[in-house]
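If you're wondering where the values come from, they're calculated on a predicted model, not measured in any experiment.
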Amino acid sequence: MRHWTYAFVGAIALVGCGNTEGEEPRIAPAFPEGSGQQAQGAMEYPAGPFGVGKGSIVANYKFVGFVNAVADNSALAEIQLAEFYNPTGDGTFQEGSKMPVGAAKPKALLINVASVWCGPCNYEADKVLPPLYAKYKPQGGEFFLVLADSSKPGTPANQKNLYNWTTKYEVDYPAAIDPTYKLGALFEADAFPANMIIDTRTMKIVDVIAGAPEEGGTFWKNYEKVIAGTL
(Lines give C-alpha, C1' and ligand atoms only; values in the text may rest on other atoms or scores of the structure.)
Protein backbone atom coordinates (compact mmCIF):
# COMPACT_ATOMS: atom_id res chain seq x y z
CA MET A 1 0.00 0.00 0.00
CA ARG A 2 1.43 3.33 -0.98
CA HIS A 3 2.03 6.11 1.45
CA TRP A 4 1.61 9.72 0.47
CA THR A 5 3.36 12.72 1.88
CA TYR A 6 1.84 16.09 2.46
CA ALA A 7 3.81 19.30 2.72
CA PHE A 8 2.89 22.84 3.55
CA VAL A 9 5.69 25.38 3.93
CA GLY A 10 5.19 29.11 4.26
CA ALA A 11 2.87 30.37 1.54
CA ILE A 12 3.27 27.01 -0.30
CA ALA A 13 5.70 28.59 -2.78
CA LEU A 14 7.31 25.78 -4.74
CA VAL A 15 5.77 23.27 -2.34
CA GLY A 16 3.02 20.73 -2.89
CA CYS A 17 1.70 17.28 -2.22
CA GLY A 18 3.24 14.22 -3.79
CA ASN A 19 3.94 10.53 -3.45
CA THR A 20 6.86 9.28 -1.40
CA GLU A 21 10.16 8.93 -3.25
CA GLY A 22 10.82 5.47 -4.59
CA GLU A 23 7.22 4.35 -4.81
CA GLU A 24 5.70 2.73 -7.86
CA PRO A 25 4.07 5.24 -10.21
CA ARG A 26 0.31 5.49 -10.16
CA ILE A 27 -1.48 3.42 -12.79
CA ALA A 28 -4.17 5.39 -14.56
CA PRO A 29 -7.61 3.77 -14.35
CA ALA A 30 -9.78 3.12 -17.38
CA PHE A 31 -11.41 6.38 -18.41
CA PRO A 32 -15.15 6.96 -18.72
CA GLU A 33 -16.09 7.29 -22.38
CA GLY A 34 -15.72 10.89 -23.55
CA SER A 35 -13.52 11.97 -20.65
CA GLY A 36 -9.81 12.75 -20.67
CA GLN A 37 -8.59 11.06 -23.83
CA GLN A 38 -6.76 12.89 -26.57
CA ALA A 39 -9.16 15.04 -28.49
CA GLN A 40 -10.41 14.23 -31.94
CA GLY A 41 -12.28 16.62 -34.17
CA ALA A 42 -12.05 19.44 -36.64
CA MET A 43 -10.97 22.32 -34.39
CA GLU A 44 -7.86 24.09 -35.64
CA TYR A 45 -4.71 23.07 -33.79
CA PRO A 46 -0.93 22.89 -34.47
CA ALA A 47 0.08 19.69 -36.21
CA GLY A 48 2.87 18.80 -33.79
CA PRO A 49 5.08 16.91 -33.16
CA PHE A 50 3.86 16.93 -29.56
CA GLY A 51 6.00 16.62 -26.46
CA VAL A 52 6.00 16.92 -22.70
CA GLY A 53 8.89 19.31 -22.04
CA LYS A 54 9.40 23.04 -22.21
CA GLY A 55 9.32 24.25 -25.80
CA SER A 56 7.16 21.32 -26.92
CA ILE A 57 3.65 21.64 -28.35
CA VAL A 58 1.14 20.21 -25.91
CA ALA A 59 -1.18 17.59 -27.42
CA ASN A 60 -4.79 18.58 -27.93
CA TYR A 61 -6.36 16.85 -24.96
CA LYS A 62 -10.06 17.01 -24.24
CA PHE A 63 -11.75 16.92 -20.88
CA VAL A 64 -15.21 17.35 -19.41
CA GLY A 65 -15.96 20.17 -17.03
CA PHE A 66 -17.43 23.63 -16.55
CA VAL A 67 -16.65 26.64 -18.72
CA ASN A 68 -17.53 28.91 -15.80
CA ALA A 69 -18.93 27.12 -12.76
CA VAL A 70 -20.06 30.37 -11.17
CA ALA A 71 -22.29 31.03 -14.18
CA ASP A 72 -23.42 27.43 -14.82
CA ASN A 73 -22.49 24.20 -13.07
CA SER A 74 -25.61 22.24 -13.98
CA ALA A 75 -23.94 19.95 -16.52
CA LEU A 76 -20.50 19.00 -17.79
CA ALA A 77 -19.33 20.18 -21.19
CA GLU A 78 -16.48 18.93 -23.36
CA ILE A 79 -13.48 21.26 -23.26
CA GLN A 80 -10.58 20.82 -25.69
CA LEU A 81 -7.26 22.60 -25.41
CA ALA A 82 -7.90 23.58 -29.03
CA GLU A 83 -10.56 25.96 -27.69
CA PHE A 84 -7.75 28.22 -26.50
CA TYR A 85 -5.57 28.10 -29.64
CA ASN A 86 -5.03 31.70 -30.75
CA PRO A 87 -2.42 31.79 -33.54
CA THR A 88 -2.88 35.47 -34.39
CA GLY A 89 -3.00 36.57 -30.76
CA ASP A 90 -6.21 38.51 -31.35
CA GLY A 91 -8.72 35.76 -32.11
CA THR A 92 -12.19 35.44 -30.65
CA PHE A 93 -14.29 32.40 -29.77
CA GLN A 94 -16.44 31.45 -32.76
CA GLU A 95 -19.85 29.88 -33.18
CA GLY A 96 -19.77 26.29 -31.95
CA SER A 97 -17.26 26.98 -29.18
CA LYS A 98 -18.09 26.06 -25.60
CA MET A 99 -16.61 29.41 -24.57
CA PRO A 100 -18.55 32.71 -24.77
CA VAL A 101 -18.93 33.42 -28.50
CA GLY A 102 -17.27 36.69 -29.49
CA ALA A 103 -15.10 36.92 -26.39
CA ALA A 104 -11.36 37.40 -26.90
CA LYS A 105 -9.24 34.26 -26.84
CA PRO A 106 -6.39 34.25 -24.32
CA LYS A 107 -2.77 34.88 -25.19
CA ALA A 108 -1.47 32.82 -22.26
CA LEU A 109 -3.05 29.79 -20.59
CA LEU A 110 -2.25 28.64 -17.07
CA ILE A 111 -3.05 24.96 -16.54
CA ASN A 112 -3.41 24.33 -12.81
CA VAL A 113 -3.57 20.68 -11.75
CA ALA A 114 -4.93 20.12 -8.26
CA SER A 115 -6.34 17.35 -6.07
CA VAL A 116 -9.09 17.45 -3.47
CA TRP A 117 -6.98 15.79 -0.77
CA CYS A 118 -4.05 18.19 -1.21
CA GLY A 119 -3.89 20.96 1.40
CA PRO A 120 -1.65 23.30 -0.62
CA CYS A 121 -3.97 22.88 -3.61
CA ASN A 122 -6.89 24.06 -1.52
CA TYR A 123 -4.89 26.99 -0.19
CA GLU A 124 -3.83 27.97 -3.70
CA ALA A 125 -7.43 27.78 -4.98
CA ASP A 126 -8.70 29.86 -2.07
CA LYS A 127 -6.03 32.51 -1.55
CA VAL A 128 -3.55 32.57 -4.43
CA LEU A 129 -5.34 32.10 -7.74
CA PRO A 130 -8.42 34.39 -7.40
CA PRO A 131 -6.49 37.70 -7.18
CA LEU A 132 -4.07 36.59 -9.88
CA TYR A 133 -6.94 35.69 -12.20
CA ALA A 134 -8.55 39.06 -11.57
CA LYS A 135 -5.23 40.65 -12.48
CA TYR A 136 -4.35 38.66 -15.60
CA LYS A 137 -7.74 37.97 -17.20
CA PRO A 138 -8.17 41.58 -18.48
CA GLN A 139 -4.62 41.46 -19.87
CA GLY A 140 -5.24 38.37 -22.01
CA GLY A 141 -4.55 35.57 -19.56
CA GLU A 142 -6.74 32.55 -18.88
CA PHE A 143 -6.65 29.87 -16.18
CA PHE A 144 -7.75 26.25 -16.64
CA LEU A 145 -8.17 24.05 -13.56
CA VAL A 146 -7.79 20.31 -13.99
CA LEU A 147 -8.84 18.34 -10.91
CA ALA A 148 -6.87 15.10 -10.81
CA ASP A 149 -7.53 13.18 -7.57
CA SER A 150 -10.59 13.04 -5.37
CA SER A 151 -10.34 13.12 -1.55
CA LYS A 152 -8.39 9.86 -1.76
CA PRO A 153 -4.92 9.86 -3.39
CA GLY A 154 -4.86 7.83 -6.60
CA THR A 155 -8.63 7.91 -7.02
CA PRO A 156 -9.66 10.19 -9.90
CA ALA A 157 -11.89 13.16 -9.23
CA ASN A 158 -15.45 12.94 -10.48
CA GLN A 159 -18.21 15.40 -11.35
CA LYS A 160 -19.30 15.77 -7.73
CA ASN A 161 -15.75 16.61 -6.67
CA LEU A 162 -15.50 19.22 -9.41
CA TYR A 163 -18.88 20.68 -8.49
CA ASN A 164 -17.95 20.92 -4.81
CA TRP A 165 -14.49 22.39 -5.53
CA THR A 166 -15.66 25.01 -8.00
CA THR A 167 -18.56 25.97 -5.74
CA LYS A 168 -16.43 26.25 -2.61
CA TYR A 169 -13.79 28.39 -4.31
CA GLU A 170 -16.16 30.21 -6.70
CA VAL A 171 -14.10 29.18 -9.72
CA ASP A 172 -15.10 31.44 -12.61
CA TYR A 173 -12.60 30.08 -15.14
CA PRO A 174 -12.68 26.76 -17.05
CA ALA A 175 -12.41 23.72 -14.79
CA ALA A 176 -12.41 20.02 -15.65
CA ILE A 177 -11.63 16.50 -14.45
CA ASP A 178 -8.87 14.26 -15.80
CA PRO A 179 -9.87 10.67 -14.94
CA THR A 180 -7.08 9.13 -17.03
CA TYR A 181 -4.33 11.37 -15.65
CA LYS A 182 -3.29 12.34 -19.16
CA LEU A 183 -1.63 15.51 -17.90
CA GLY A 184 0.57 13.51 -15.55
CA ALA A 185 3.03 12.96 -18.39
CA LEU A 186 3.58 16.70 -18.66
CA PHE A 187 5.04 17.12 -15.20
CA GLU A 188 8.42 16.01 -13.87
CA ALA A 189 7.01 14.78 -10.56
CA ASP A 190 3.76 13.32 -9.34
CA ALA A 191 3.09 16.31 -7.12
CA PHE A 192 0.21 18.66 -6.51
CA PRO A 193 -0.44 21.41 -7.18
CA ALA A 194 1.30 21.59 -10.55
CA ASN A 195 1.24 24.61 -12.84
CA MET A 196 2.04 25.02 -16.52
CA ILE A 197 2.13 28.00 -18.87
CA ILE A 198 1.00 27.51 -22.47
CA ASP A 199 1.59 30.13 -25.17
CA THR A 200 -1.75 29.92 -26.99
CA ARG A 201 -0.28 31.40 -30.16
CA THR A 202 1.73 28.19 -30.63
CA MET A 203 0.35 25.89 -27.88
CA LYS A 204 3.94 25.42 -26.72
CA ILE A 205 4.82 24.70 -23.11
CA VAL A 206 6.69 27.71 -21.75
CA ASP A 207 7.15 26.80 -18.09
CA VAL A 208 6.22 23.99 -15.69
CA ILE A 209 6.49 23.95 -11.93
CA ALA A 210 5.53 21.51 -9.16
CA GLY A 211 3.98 23.43 -6.31
CA ALA A 212 2.49 26.90 -6.18
CA PRO A 213 4.76 29.45 -7.88
CA GLU A 214 5.72 32.46 -5.82
CA GLU A 215 3.79 35.59 -6.74
CA GLY A 216 6.16 37.96 -8.51
CA GLY A 217 8.63 35.16 -9.17
CA THR A 218 10.05 33.89 -12.45
CA PHE A 219 7.03 31.74 -13.28
CA TRP A 220 4.56 34.63 -13.18
CA LYS A 221 7.02 36.93 -14.92
CA ASN A 222 7.15 34.40 -17.75
CA TYR A 223 3.34 34.34 -17.80
CA GLU A 224 3.30 38.12 -18.20
CA LYS A 225 5.88 37.92 -20.99
CA VAL A 226 3.75 35.38 -22.85
CA ILE A 227 0.75 37.69 -22.59
CA ALA A 228 2.86 40.55 -23.92
CA GLY A 229 4.33 38.39 -26.70
CA THR A 230 7.91 39.04 -25.56
CA LEU A 231 8.89 35.47 -24.66
Can you see which heavy atom on [X] is nearest to which on [Y], and at what distance?
X	Y	value
D149	P153	OD2-CA, 3.6 Å
A148	S115	CB-OG, 3.8 Å
F50	V58	CD2-O, 3.7 Å
K168	N122	NZ-OD1, 4.2 Å
I205	V208	CG2-CG2, 3.5 Å
F192	A114	CD2-C, 4.3 Å

query = If you round to the nearest 0.5 Å, how far is CG of L110 from CD1 of I197?
reply = 7.0 Å

request  = Supply the atom-to-atom distance E124 CD to C118 SG, rounded to the nearest 0.5 angstrom.
outcome  = 8.5 Å

List in chain and number order the residues that pass side-chain contact (heavy atoms from CB on, under 4.5 Å) with [X], two or more places apart in sequence or in another chain; answer none if no residue qualifies.
X	result
A108	Y223, V226, I227
A175	L145, L162, T166, V171
D126	Y169
T167	N73, Y163

Salt bridge (Lys or Arg N to Asp or Glu O under 4.0 Å) partners of residues 219-231, not counting sequence neighbours, each pair once = K135-E224

Residues that [X] engages under side chain to side chain donor-acceptor pair (under 3.5 Å), provided they are two or more places apart:
X	value
S74	D72
Y85	none
N222	D207
Y133	E142

Main-chain N/O of [Y] paired with [X] side-chain donor or acceptor, under 3.5 Å:
X	Y	value
D178	L183	yes
S150	T155	yes
N161	N158	yes

request  = Look at the aromatic rings of F143 and W220 and report parallel, tilted or perpendicular, splitting at 30° and 60°.
outcome  = tilted

Counterpart residues, ring-ring contact (aromatic ring centres under 6.0 Å, His included), relative to F93 (two or more places apart) = none

ask   = Residues two or more places apart in sequence or in another chain: which of them pass ring-ring contact (aromatic ring centres under 6.0 Å, His included) with F66?
value = none

Non-hydrogen side-chain atoms of [X] and [Y] separated by less than 4.5 Å:
X	Y	answer
P106	Y173	no
N60	Q80	yes
F84	P174	yes
V116	L147	yes

request  = If a pair satisfies side chain to side chain donor-acceptor pair (under 3.5 Å) and one of its residues is in residues 86-104, list it, with sequence neighbours excluded.
outcome  = E83-S97, T88-D90, T92-Q94

message = If you apply the rule side chain to side chain donor-acceptor pair (under 3.5 Å), what do you find for N112 with N195, and how did you get there?
response = CA-CA 5 Å; N112 169 248; N195 290 280; 2.9 Å; yes

task = Apply side-chain contact (heavy atoms from CB on, under 4.5 Å) to the pair M196 and V113, showing each step before the final yes or no.
result = CA-CA 9 Å; M196 171 181 289; V113 184; over 6 Å; no

task = Return yes when atom CD of Q139 has more than 12 non-hydrogen atoms of other residues, nucleotides or ligands closer than 6.0 Å, and no otherwise.
result = yes

request  = Start with the C-alpha distance between I79 and V64, add both sets of side-chain angles, then the distance that settles side-chain contact (heavy atoms from CB on, under 4.5 Å), and finish with yes or no.
outcome  = CA-CA 6 Å; I79 302 174; V64 288; over 6 Å; no

task = Step by step, work out the side-chain contact (heavy atoms from CB on, under 4.5 Å) result for I111 and L81.
result = CA-CA 10 Å; I111 299 180; L81 291 187; 4.3 Å; yes

Test side-chain contact (heavy atoms from CB on, under 4.5 Å) applied to E215 and V128, step by step = CA-CA 8 Å; E215 185 173 358; V128 179; 5.9 Å; no

